[in-house]
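Notes follow once the structure below has been shown.
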Amino acid sequence: MSMGETMQGITLEELQLAARNHGMPLEALRYDITPVGMHYLLIHFDVPFVDPDTWTLSIGGRVRTPLTLSLDDVRARERVRLPVTLECAGNGRARLSPRPISQPWLNEAVGTAEWTGTPLAPVLEEAGLEQDALEVVFTGRDRGIQGDIEQNYERSLRLEDARRPEVLLAYEINGQPLPPQHGFPLRLVVPGWYGMTHVKWLDRITAIARPFEGFQQADAYRVRQTREEPGEPVTRIRPRSLLIPPGIPEFLSRRRIVSPGPCVIEGRAWSGWGLVERVEVSVDGGRTWADATLDPPVSPYAWRGWRFEWDASVAGEYELCSRATDAAGSVQPLDQRWNAEGVTNNMAQRVDVTVAPSRPS
Ligand SMILES: Nc1nc2c(c(=O)[nH]1)N[C@H]1C(S)=C(S)[C@@H](COP(=O)(O)O)O[C@H]1N2
Ligand SMILES: [Mo]
């Protein structure tokens, strides 16, 4: 595996981030709904400690009737349960060359959870947005320093995005109260958008009459070649497919060993720009491709399963890849699309496999 080369020079600071923010083990792609402990995690600062009895959510700024809601108030509102695939915008960053320094994800910053919460739009409606309201800012309780700026984690959405019916204030994941690391007691869920949008540990929602200039909006999560350019904001998830590495792994390299014979390759594919309509598989590193069979999507905002029957009867070395095409016609590239923060990269996964008779233990 080329890991030895590409991971060279990984720093202790990157390792420290990687140890706090774990990915989803790829074998968890077998589940329609990712078990909570296997869902990936990304936390910029510290997980805040929140007392649910005194916690409130305030809705203010350019509204006619500012609101303060307790957790019971939020839970008493209309209840919706929706499977949503979440992916970190930095997924795939560690394989970029040169490697942008941040959380060093390989492929595994993804998961699909069933979120329970209340739609945001009626809450905004009740607060009564003023005529000049342009964006809504979501502020988390977590605080830290990034880019030399002390800040709470906060992100905004334009009104037309915030008011979409699938946008939720979520208090449960897979039928359980949110655990601390996933945003207890309340987080935003914006189906189809990259992870940074789904603000955890919500403290307040503020309607504003100008574009939000906070660090995580204006300085971070931009697609650009240098940090100095304004670039384009990161929004919806680009199509990606992942396969469950077949056979058994070698401990250190995680290289795969498959016994000769028929081998079913399974995986998942998703996009925030519409349904994934095609998944292709290659066993020769992307030189030739064949279509996989698709399962129905788990929800309009979640991944779909796929499978491919590989005739692995000839012993030897193989390189497995898969690529998704979505309803918008975007196809996953085989080569990197580099940018300064290493965001929105959806280059195809590559899995090295040795087909060889298994050895007795
Ligand atoms: N308050 C707050 N919300 C946050 C973050 C954070 O650091 N603080 N990280 C964001 C990022 S970058 C991602 S990818 C998702 C990850 O959500 P998860 O940890 O529940 O999988 O949360 C987002 N929401
Ligand atoms: Mo993220």
Side-chain angles (χ1 to χ4, degrees), residues 17-18 20-25 28 33-50 55 57 83-94 100 102-117 137-147 149 151-157 167-174 176-205 214-217 219-223 233-238 240 270 272 302 341-346:
L17 284 173
R20 287 184 57 82
N21 298 306
H22 67 73
M24 182 191 71
I33 301 295
T34 313
V36 175
M38 293 175 105
H39 194 284
Y40 87 95
L41 278 183
L42 195 293
I43 297 149
H44 284 71
F45 307 130
D46 291 347
V47 174
F49 177 83
V50 182
W55 174 91
L57 174 71
V84 176
T85 296
L86 226 71
E87 184 181 10
C88 182
N91 201 14
R93 175 186 287 132
S102 183
Q103 167 74 22
W105 295 120
L106 294 164
N107 291 314
E108 63 297 287
V110 65
T112 296
E114 204 164 17
W115 301 98
T116 304
V137 182
F138 302 87
T139 306
R141 287 245 179 142
D142 49 330
R143 196 169 174 78
I145 300 165
Q146 200 179 343
I149 298 165
Q151 58 189 282
N152 282 54
Y153 185 90
E154 47 186 357
R155 293 263 317 169
S156 73
L157 282 174
V167 177
L168 301 181
L169 298 173
Y171 43 80
E172 286 177 12
I173 177 171
N174 299 2
Q176 312 161 26
L178 296 181
Q181 65 273 26
H182 284 296
F184 181 83
L186 193 71
R187 80 175 305 169
L188 184 65
V189 171
V190 187
W193 287 57
Y194 277 114
M196 73 288 156
T197 319
H198 306 234
V199 179
K200 302 193 267 191
W201 311 293
L202 276 176
D203 179 67
R204 56 186 187 274
I205 299 177
F215 178 86
Q216 305 293 345
Q217 196 78 29
D219 295 344
Y221 298 107
R222 318 289 298 192
V223 181
V234 176
T235 59
R236 290 181 177 272
I237 301 175
R238 281 179 148 166
R240 191 193 287 274
W270 62 93
E341 289 173 68
V343 284
T344 72
N345 190 285
N346 61 341

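These numbers come from the heavy atoms of this one structure, side chains and all, not from hydrogens, waters or symmetry mates. Start at 1 and go down the list; that is how both ligands and their atoms are numbered. Bear in mind the structure is a predicted one, so any value in this text is a computation, not a measurement.
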Would you say D219 and I149 make side-chain contact, with heavy atoms under 4.5 Å?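 When only atoms from C-beta onward are counted, I149 and D219 do touch, with a gap below 4.5 Å.
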Looking at side-chain heavy atoms only, is the closest gap between W115 and I173 below 4.5 Å?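 They are in side-chain contact.
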Which of the ligand 1 atoms, numbered from 1, are nearer than 4.0 Å to a heavy atom of [X]:
X: C88; answer: 14 (S)
X: I43; answer: 7 (O)
X: H198; answer: 22 (O), 23 (C), 24 (N)
X: Y221; answer: 12 (S)

Classify the contact between [X] and ligand 1 as side chain, backbone, both or neither, using a heavy-atom distance cut-off of under 4.0 Å.
X: R187; value: side chain
X: D142; value: side chain
X: W105; value: neither
X: L86; value: side chain
X: H39; value: side chain

Measure from the side-chain N and O atoms of R20 to the backbone N and O of H44, and report whether any donor-acceptor pair falls under 3.5 Å.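 Answer holds: no.
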Do T34 and T112 get their side chains close enough for a donor-acceptor pair, meaning under 3.5 Å? no
Under the salt bridge (charged side-chain N to carboxylate O under 4.0 Å, His left out) test, residues paired with R204 that sit two or more places apart: none
Can you report which non-hydrogen protein atom sits closest to atom 3 (N) of ligand 1, along with the distance?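 So the nearest neighbour among protein heavy atoms is K200 N, 2.9 Å.
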Residue and atom name of the nearest protein heavy atom (relative to atom 9 (N) of ligand 1), distance in Å to one decimal: L42 O, 3.2 Å
Nitrogen or oxygen of Y153 less than 3.5 angstrom from that of ligand 1: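 In fact, backbone or side chain, Y153 has no N or O that close.
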If you measure every N/O of Q181 against every N/O of ligand 1, is any gap under 3.5 Å? no
Which heavy atom in [X] sits nearest to a heavy atom in [Y], and how many Å separate them?
X: H198; Y: R187; answer: O-NH2, 3.0 Å
X: A89; Y: M196; answer: CB-SD, 4.1 Å
X: V189; Y: A170; answer: CG2-CB, 3.8 Å

Considering [options] one by one, which has a heavy atom nearer to [atom] than any of the others?
atom: atom 13 (C) of ligand 1; options: G90, G195, A170, A220; value: G195
atom: atom 21 (O) of ligand 1; options: Y40, W115, F138; value: Y40
atom: atom 6 (C) of ligand 1; options: Q216, H44, Q103, M24; value: H44

Show, in sequence, the C-alpha distance, side-chain angles and deciding distance for W105 and Y40, and conclude whether the side-chain contact (heavy atoms from CB on, under 4.5 Å) test is met. CA-CA 10 Å; W105 295 120; Y40 87 95; 3.9 Å; yes
Quick one: pull up CD in E172 and CZ in F184 and give me the separation to the nearest 0.5 Å.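 E172 atom CD to F184 atom CZ measures 11.0 Å (nearest 0.5 Å).
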